[in-house]
Student: 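Sharing a structure, written as structure tokens. Questions coming.
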Amino acid sequence: MEKLTVAQARQESAIGKQVQVSGWVRTRRDSKGGFSFLEVNDGSCFGNVQIVAEGTLPNYEGEVKKLGAGASVSVTGEVRKSPAQGQATEIAAQSITVYGFADPETYALQKKRHSFEFLRTLAHLRPRTNTFGAVARVRNCICRSIHDFFQEQGFLYVHPPIITSSDCEGAGQMFKVTTLDLGKIPRQGADVDFTQDFFGRPTYLTVSGQLEAEIFACAVGKVYTFGPTFRAENSNTSRHLAEFWMVEPEMAFYELRDNMDLAEAFLKRIARDVLNRCDEDMKFFNERIDPTAISTLEGIVSSEFVRLPYTEAIDLLQKSGATFEFPVAWGNDLQAEHERYLTEQAFKKPVILFDYPSTIKPFYMRVSDDGKTVRAMDVLVPRVGEIVGGSQREERLDVLERRMREQKLNPESYWWYLDLRRYGTVPHSGFGLGLERTVLFVTGMANIRDVIPFPRTPGSAEF
């Protein structure tokens, strides 16, 4: 007896084997011939395996004929070639063990379509649906691709702290971490006395592991971080989460062009792996969610990304004749509608914008020779807009200190970051890719809350 997943049992190579398969019933159909068909899924693949349950099974009348959606079973039997179209195998059951029933009167996931809004209220059950099972497998594939890509390129995986006293982005929208009694907050005058707090200073949940990654890049060459990050941004849009995952590579001796080359190769690897490893899931997304899901990924793999200076992009948008909700002007950050125009209409392929105005970018980005722009880059893709943001980092101590003061940051708070420029400074670069935004792009799903297992948003921390 061989224990197989549903994915393995559906392969022709399993025919003739005595197997045990366990999972959850999707449907049961009874035949007038005195037997039943069960569709069973265990999450290992999109499709189900068909179980043929004969009426001679000892628990056929008492249990098998009462099975419905959501019931959990373990089946032993022989895998045989299926006479039905669209499936290579089926299992002739020799025994069926029922672990648990799901009362059809109260079990929410019956065989009908449910809205994504409704399923967000059932985050503990929605992974059992076709859509969210497929999202989970694609998300897993993307995570595997991220690690495979960087490991094969000789990067070290490093783990930055989740609790930090630094604001990498300078935006101030950070979650505070404290053990102080909020009913009896100690004060020094009008200010909170953080010397009595756990860490003796104000601390926050990290918005980025970039600054810590730079420490390791300036010691061991090439590194990447991959973990949760947090933004206390009071936004309820379909593109924002308070907790999300970021992958952030940092590379010593890389300039902006090297950074762009790496980001392009990285995105192509993710797209290629998803197409190769998630065939059934991607066909589902293409049929039910977005008819361009597969062709968009194929376009990522086959196209050469356009590289366009920000200034030229502004000029192109202004001359496009298109109507935009947000005005286009040099010095303004581009909005999603502008980014999508560039990728979906102007070029019909991914675009890497670079050399942004210094006034709209963080302090750590290298100031260009013109003094007006910084060596920033954003990779834009169809449907989503920006998917990667990065830059060559500022390696000159005096320029970095000036930029900090311009953005009203205290250089003394970043003494350790400045030390990297004092002792053996090197040109270096890096970028960040949001995992959820990547899953959104790959699957064609419309709301970022549907591509993370348990979304954290303003007013919502359920499950």
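In what follows, residues are counted from 1 in the order of the sequence shown. When reading the values below, keep in mind they use all heavy atoms of this one structure, side chains included, and skip hydrogens, waters and symmetry mates.
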Student: Measure from the side-chain N and O atoms of Arg366 to the backbone N and O of Ser391, and report whether any donor-acceptor pair falls under 3.5 Å.
Tutor: no
Student: Is it true that a side-chain atom of Glu337 and a backbone atom of Phe326 form a donor plus acceptor pair closer than 3.5 Å?
Tutor: yes
Student: Using every non-hydrogen atom in the two residues, find where Asn41 and Gly47 come nearest and quote the distance to one decimal.
Tutor: ND2-O, 2.9 Å
Student: How would you list all residue pairs meeting side chain to side chain donor-acceptor pair (under 3.5 Å) that involve residues 295-305, not counting sequence neighbours?
Tutor: Thr296-Arg383
Student: Classify the ring geometry of Tyr310 against Tyr356: parallel below 30°, tilted from 30° to 60°, perpendicular beyond 60°.
Tutor: tilted
Student: To the nearest 0.5 Å, tell me how far Leu397 CG sits from Thr425 OG1.
Tutor: 8.0 Å
Student: What about Phe324 and Tyr341, are their ring centers closer than 6.0 Å?
Tutor: yes
Student: I'd like to check His428 versus Leu420 (side-chain heavy atoms, cut-off strictly below 4.5 Å). Are they in contact?
Tutor: no
Student: So, are Glu214 and Arg421 salt-bridged, with charged N and O less than 4.0 Å apart?
Tutor: yes
Student: Can you check whether Thr457 reaches Leu241 side chain to side chain, under 4.5 Å on heavy atoms?
Tutor: yes
Student: Can you confirm whether Phe199 is buried at CZ, in the sense that more than 12 heavy atoms of other residues, nucleotides or ligands lie under 6.0 Å from that atom?
Tutor: yes
Student: When the ring centroid of Tyr224 is compared with that of Tyr157, is the distance short of 6.0 Å?
Tutor: yes
Student: Could you walk me through whether Thr373 and Phe354 satisfy the side-chain contact (heavy atoms from CB on, under 4.5 Å) test, starting with their C-alpha distance in whole Å, then the side-chain angles of each, then the deciding distance to 0.1 Å, before giving a yes or no?
Tutor: CA-CA 9 Å; Thr373 62; Phe354 62 97; over 6 Å; no
Student: Within the 4.5 Å heavy-atom criterion, are Met251 and Leu262 side-chain neighbours or not?
Tutor: yes
Student: Quick one: does Ser358's side chain have a donor or acceptor within less than 3.5 Å of a partner on Val374's backbone?
Tutor: no
Student: Would you find more than 12 non-hydrogen atoms of other residues, nucleotides or ligands less than 6.0 Å from Arg113 atom CZ?
Tutor: no
Student: If you round to the nearest 0.5 Å, how far is CD of Gln11 from SG of Cys45?
Tutor: 8.0 Å
Student: Between atom CD1 of Ile215 and atom CG of Leu211, what is the distance when rounded to the nearest 0.5 Å?
Tutor: 8.0 Å
Student: Minimum heavy-atom separation for Met365 to Ala376, with atom names?
Tutor: SD-CB, 3.5 Å
Student: Flag the pair Arg393 and Glu250 as a salt bridge only when some basic side-chain nitrogen lies within less than 4.0 angstrom of an acidic carboxylate oxygen.
Tutor: yes
Student: Go through the steps for Val207 and Thr229 under the test side-chain contact (heavy atoms from CB on, under 4.5 Å), then give the verdict.
Tutor: CA-CA 5 Å; Val207 296; Thr229 53; 5.6 Å; no
Student: Donor-acceptor pair, Thr343 side chain versus Leu380 backbone, under 3.5 Å?
Tutor: no
Student: Is any NZ, NE, NH1 or NH2 atom of the basic residue among Glu394 and Arg396 found under 4.0 Å from an Asp or Glu carboxylate oxygen of the other?
Tutor: yes
Student: Could you go through the side-chain contact (heavy atoms from CB on, under 4.5 Å) check for Phe305 and Lys349 one step at a time?
Tutor: CA-CA 7 Å; Phe305 291 13; Lys349 61 170 68 174; over 6 Å; no
Student: Test Asn447 against Arg120 for side-chain contact (heavy atoms from CB on, under 4.5 Å), laying out the working first.
Tutor: CA-CA 11 Å; Asn447 196 310; Arg120 280 177 217 135; 3.5 Å; yes
Student: Asp273: which residues meet the side chain to side chain contact (heavy atoms under 4.5 Å, CB included) condition with it, sequence neighbours left out?
Tutor: Cys141, Ser145, Arg269, Arg277
Student: Applying ring pair (Phe, Tyr, Trp, His ring centres under 6.0 Å), can you list everything that pairs with Phe132, at least two apart in sequence or on another chain?
Tutor: Phe116
Student: Taking Thr203 for its side chain and Val177 for its backbone only, find out whether a donor-acceptor pair lies under 3.5 Å.
Tutor: yes
Student: Could you tell me which non-hydrogen atom of Arg126 sits nearest to which non-hydrogen atom of Arg449, and how far apart they are?
Tutor: NH2-O, 3.1 Å
Student: Is there any salt bridge (Lys or Arg N to Asp or Glu O under 4.0 Å) pair reaching into residues 454-463, and which pairs are they, with sequence neighbours excluded?
Tutor: none
Student: What orientation do Phe266 and Phe431 show, parallel under 30°, tilted 30 to 60°, or perpendicular over 60°?
Tutor: tilted
Student: Is the shortest heavy-atom distance from the side chain of Ile448 to the side chain of Phe244 under 4.5 Å?
Tutor: no
Student: Write down the atom of Thr237, the atom of His240, and the distance for their closest heavy-atom approach.
Tutor: OG1-ND1, 2.5 Å
Student: Given side chains that start at C-beta, do those of Arg137 and Asn140 come closer than 4.5 Å, heavy atoms only?
Tutor: no
Student: Report yes or no: does Gln392 contribute a side-chain atom to a donor-acceptor pair with the main-chain N or O of Leu256 at less than 3.5 Å?
Tutor: yes
Student: Do the non-hydrogen side-chain atoms of Asn332 and Ile360 ever get within less than 4.5 Å of each other?
Tutor: no
Student: Decide yes or no on salt bridge (Lys or Arg N to Asp or Glu O under 4.0 Å) for Asp355 and Arg307, but give the supporting numbers first.
Tutor: CA-CA 11 Å; Asp355 287 353; Arg307 302 192 180 190; over 6 Å; no
Student: His124 vs Phe463 aromatic rings, parallel, tilted or perpendicular, using cut-offs 30° and 60°?
Tutor: parallel
Student: Kindly check if the number of other-residue, nucleotide or ligand heavy atoms within 6.0 Å of CG (Asp369) is above 12?
Tutor: no
Student: Let me confirm one number: the OG1-CZ distance from Thr206 to Arg231, rounded to the nearest 0.5 Å.
Tutor: 9.0 Å
Student: What's the separation between atom OG in Ser208 and atom CE in Met174, rounded to the nearest 0.5 Å?
Tutor: 9.5 Å
Student: Is the number of heavy atoms from other residues, nucleotides or ligands under 6.0 Å of Lys268 NZ greater than 12?
Tutor: yes
Student: Quick one: which residue pairs count as a salt bridge (Lys or Arg N to Asp or Glu O under 4.0 Å) with a foot in residues 192-204, not counting sequence neighbours?
Tutor: none
Student: Examine distances only and state if a side-chain atom of Thr225 and a backbone atom of Val158 form a donor-acceptor pair shorter than 3.5 Å.
Tutor: no
Student: CZ of Arg437 to CD1 of Ile452: how many Å apart, nearest 0.5 Å?
Tutor: 13.0 Å
Student: Do the charged groups of Lys283 and Glu280 touch, with an N to O distance under 4.0 Å?
Tutor: no
Student: Answer yes when Asp378 and Lys361 have at least one side-chain N-carboxylate O distance shorter than 4.0 Å, and no when they do not.
Tutor: yes
Student: So which atom in Ala263 and which in Met377 form the shortest heavy-atom distance, rounded to 0.1 Å?
Tutor: CB-CE, 3.8 Å
Student: Is the shortest side-chain heavy-atom distance between Phe149 and Phe155 below 4.5 Å?
Tutor: no
Student: Mind listing the closest non-hydrogen atom pair of Glu312 and Leu308 along with its distance?
Tutor: OE1-CD1, 3.6 Å
Student: Listed by chain and number, what are the ring pair (Phe, Tyr, Trp, His ring centres under 6.0 Å) partners of Tyr417, not counting sequence neighbours?
Tutor: none
Student: Hey, are the side chains of Val192 and Thr178 touching, using non-hydrogen atoms and a 4.5 Å cut-off?
Tutor: no
Student: Tell me whether Glu248 contacts the main-chain N or O of Ala213 through its side chain, where contact means a donor paired with an acceptor under 3.5 Å.
Tutor: no
